[in-house]
Amino acid sequence: MPLSNAHSWAQQLNEELNEPYMLRLREFLQQEKDAHKIIYPHSSNWFHALEMTPLPEVKVVIIGQDPYHQPQQAHGLSFSVLPGVKVPPSLLNIYKELETDLQITRSYHGYLESWAKQGVLLLNSVLTVEQAQANSHQGKGWERFTDKIIHLVAEQNEHVCFLLWGNYAQKKGQFIDHERHCVLKAPHPSPLSAYRGFFGCQHFSKVNQYLEQHGKTAIHWQLPLLSPPAA
């Protein structure tokens with residue numbers, strides 16, 4: 001489990017990677033591979049969120065649960081899918097809220113890497129999943145590791161916006177100091193719960209207002225065009 005491409009995080013997390021619980025997780029993942037089970041995302045993308053968003057640059061944290069479990073979707077950023085993949089329902093609802101909050105045109109793709117490059121840490125609580133088996137790698141150790149990541153952000157960075165969507169994310173972020181950081185809560189954007197308060201939460205404009213109030217650059221939420229959408 002190398003963190004060689006996430007240098008700022010490696011300095012803080014290399015010891016954590018050698019903790020007994022992480023060694024057990026590594027053994028579990030190897031056993032799954034040896035059993036010819038398909039795991040998403042590819043191992044080269046397990047730490048993609050950390051690679052895209054160095055620790056000193058984190059301004060916003062969006063916490064997901066576990067990766068998408070269908071082919072060609074997950075690539076290591078929460079809520080994001082690879083170019084050319086149909087936009088998942090939860091992300092589509094995020095786009096709807098962006099449209100009403102900031103009048104941002106909905107993107108035809110779900111590739112959120114431009115957010116990550118601006119300091120939005122798109123972190124899933126669990127970083128792997130078996131194909132077609134949602135939540136299959138929960139309770140194996142990833143949650144403790146990503147708790148460590150969130151603690152590092154909360155301890156080492158100032159004035160970070162934490163977007164906690166749904167009960168799962170809210171429990172995971174319950175320790176965050178509300179005086180030191182901006183903590184915004186809403187229901188999950190999934191079709192099952194978005195109408196209970198995610199729509200209308202205005203989190204994206206609130207994030208930018210908070211960042212600018214504390215001398216930081218606002219997030220440009222409009223996603224870039226990647227290529228013309230298929231006819």
Side-chain angles (χ1 to χ4, degrees), residues 48-50 52-53 55 57-68 76-81 87-126 146-147 149-154 157-224:
H48 192 48
L50 306 183
M52 287 292 98
T53 314
L55 175 57
E57 298 176 19
V58 175
K59 299 190 290 188
V60 182
V61 180
I62 299 179
I63 300 174
Q65 193 159 346
D66 69 342
Y68 297 119
L77 303 182
S78 62
F79 293 101
S80 180
V81 292
V87 177
S90 292
L91 183 53
L92 183 59
N93 285 338
I94 290 172
Y95 289 170
K96 290 177 181 178
E97 177 57 23
L98 270 169
E99 190 172 35
T100 56
D101 186 15
L102 291 171
Q103 292 73 57
I104 286 177
T105 304
R106 295 182 207 175
S107 177
Y108 60 85
H109 66 82
Y111 190 55
L112 305 182
E113 199 166 86
S114 71
W115 294 0
K117 289 178 178 178
Q118 295 178 73
V120 181
L121 181 63
L122 296 166
L123 182 69
N124 279 317
S125 176
V126 177
T146 52
D147 280 348
I149 291 170
I150 297 169
H151 273 279
L152 281 172
V153 173
N157 295 11
E158 297 291 340
H159 307 305
V160 175
C161 293
F162 291 86
L163 303 187
L164 307 181
W165 297 335
N167 291 333
Y168 186 93
Q170 288 164 22
K171 289 177 182 176
K172 193 169 181 69
Q174 61 187 355
F175 67 88
I176 298 165
D177 184 349
H178 289 228
E179 298 296 322
R180 185 173 175 181
H181 301 290
C182 173
V183 180
L184 300 175
K185 300 179 181 180
H188 195 276
S190 85
L192 297 175
S193 56
Y195 288 94
R196 298 176 190 161
F198 178 79
F199 291 137
C201 69
Q202 300 181 319
H203 279 186
F204 303 100
S205 60
K206 291 176 180 177
V207 163
N208 282 351
Q209 289 167 9
Y210 180 85
L211 292 176
E212 290 178 334
Q213 286 170 1
H214 292 89
K216 298 186 178 185
T217 305
I219 304 299
H220 183 68
W221 296 106
Q222 179 73 65
L223 293 171

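Remember, predicted model here, so these are calculated numbers, not experimental data. For the numbers below, each heavy atom of this structure counts, side chains included, while hydrogens, waters and symmetry mates do not.
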Side chains of [X] and [Y]: does their closest heavy-atom pair fall under 4.5 Å?
X: Trp221; Y: Val207; result: yes
X: Val153; Y: Leu55; result: yes
X: Gln222; Y: Thr105; result: yes
X: Leu77; Y: Tyr111; result: no
X: Val120; Y: Thr53; result: no
X: Leu211; Y: His159; result: no
X: Thr217; Y: Lys59; result: yes
X: Glu113; Y: Ser80; result: no

Can you name the nearest heavy-atom pair linking [X] to [Y], along with the distance?
X: Ile63; Y: Val61; answer: CG1-CG1, 3.9 Å
X: Pro88; Y: Val81; answer: CG-CG1, 3.6 Å
X: Gln170; Y: Ala186; answer: NE2-O, 3.0 Å
X: Ser78; Y: Leu123; answer: OG-N, 3.3 Å
X: Gly76; Y: His48; answer: CA-CB, 4.0 Å
X: Tyr168; Y: Gly64; answer: CE2-O, 4.4 Å

Give the intermediate values and the outcome of side-chain contact (heavy atoms from CB on, under 4.5 Å) for residues Ser107 and Tyr95.
CA-CA 7 Å; Ser107 177; Tyr95 289 170; 4.0 Å; yes
Separation of [Y] [atom2] from [X] [atom1] (nearest 0.5 Å):
X: Lys216; Y: Glu57; atom1: NZ; atom2: CD; value: 11.0 Å
X: Met52; Y: Leu50; atom1: CE; atom2: CG; value: 10.5 Å
X: Gln209; Y: Cys161; atom1: CD; atom2: SG; value: 10.0 Å
X: Ile219; Y: Lys117; atom1: CD1; atom2: NZ; value: 14.0 Å
X: His109; Y: Leu91; atom1: NE2; atom2: CG; value: 10.0 Å
X: Leu102; Y: His220; atom1: CG; atom2: NE2; value: 11.0 Å

For the residue pair Trp165 and His203, categorise the inter-ring angle as parallel (less than 30°), tilted (30 to 60°) or perpendicular (more than 60°).
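Rings of Trp165 and His203: parallel, under 30°.
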Run the numbers on Ser90 and His188 for side-chain contact (heavy atoms from CB on, under 4.5 Å), then give the verdict.
CA-CA 8 Å; Ser90 292; His188 195 276; 3.6 Å; yes
Between Trp115 and Val60, is the side-chain contact (heavy atoms from CB on, under 4.5 Å) condition met? List the steps.
CA-CA 9 Å; Trp115 294 0; Val60 182; over 6 Å; no
Between Val160 and Leu121, does the side-chain contact (heavy atoms from CB on, under 4.5 Å) criterion hold? Intermediate values first, please.
CA-CA 10 Å; Val160 175; Leu121 181 63; over 6 Å; no
Donor-acceptor under 3.5 Å ([X] side chain, [Y] main chain):
X: Asn93; Y: Pro189; result: yes
X: Gln202; Y: Thr100; result: no
X: Asn208; Y: Ala218; result: no
X: His181; Y: Ala154; result: yes

Without hydrogens or angle criteria, can the side chains of His214 and Glu158 be said to hold a donor-acceptor pair below 3.5 Å?
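Distance-only check fails for His214 and Glu158.
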Quick check on the 6.0 Å ring-centre criterion: do His151 and Phe162 meet it?
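No, too far apart.
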So among Gln65, Lys171, Lys172, which one has a side chain to side chain donor-acceptor pair (under 3.5 Å) with Ser125?
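When Gln65, Lys171, Lys172 are each tested with Ser125, the side chain to side chain donor-acceptor pair (under 3.5 Å) holds only for Lys172.
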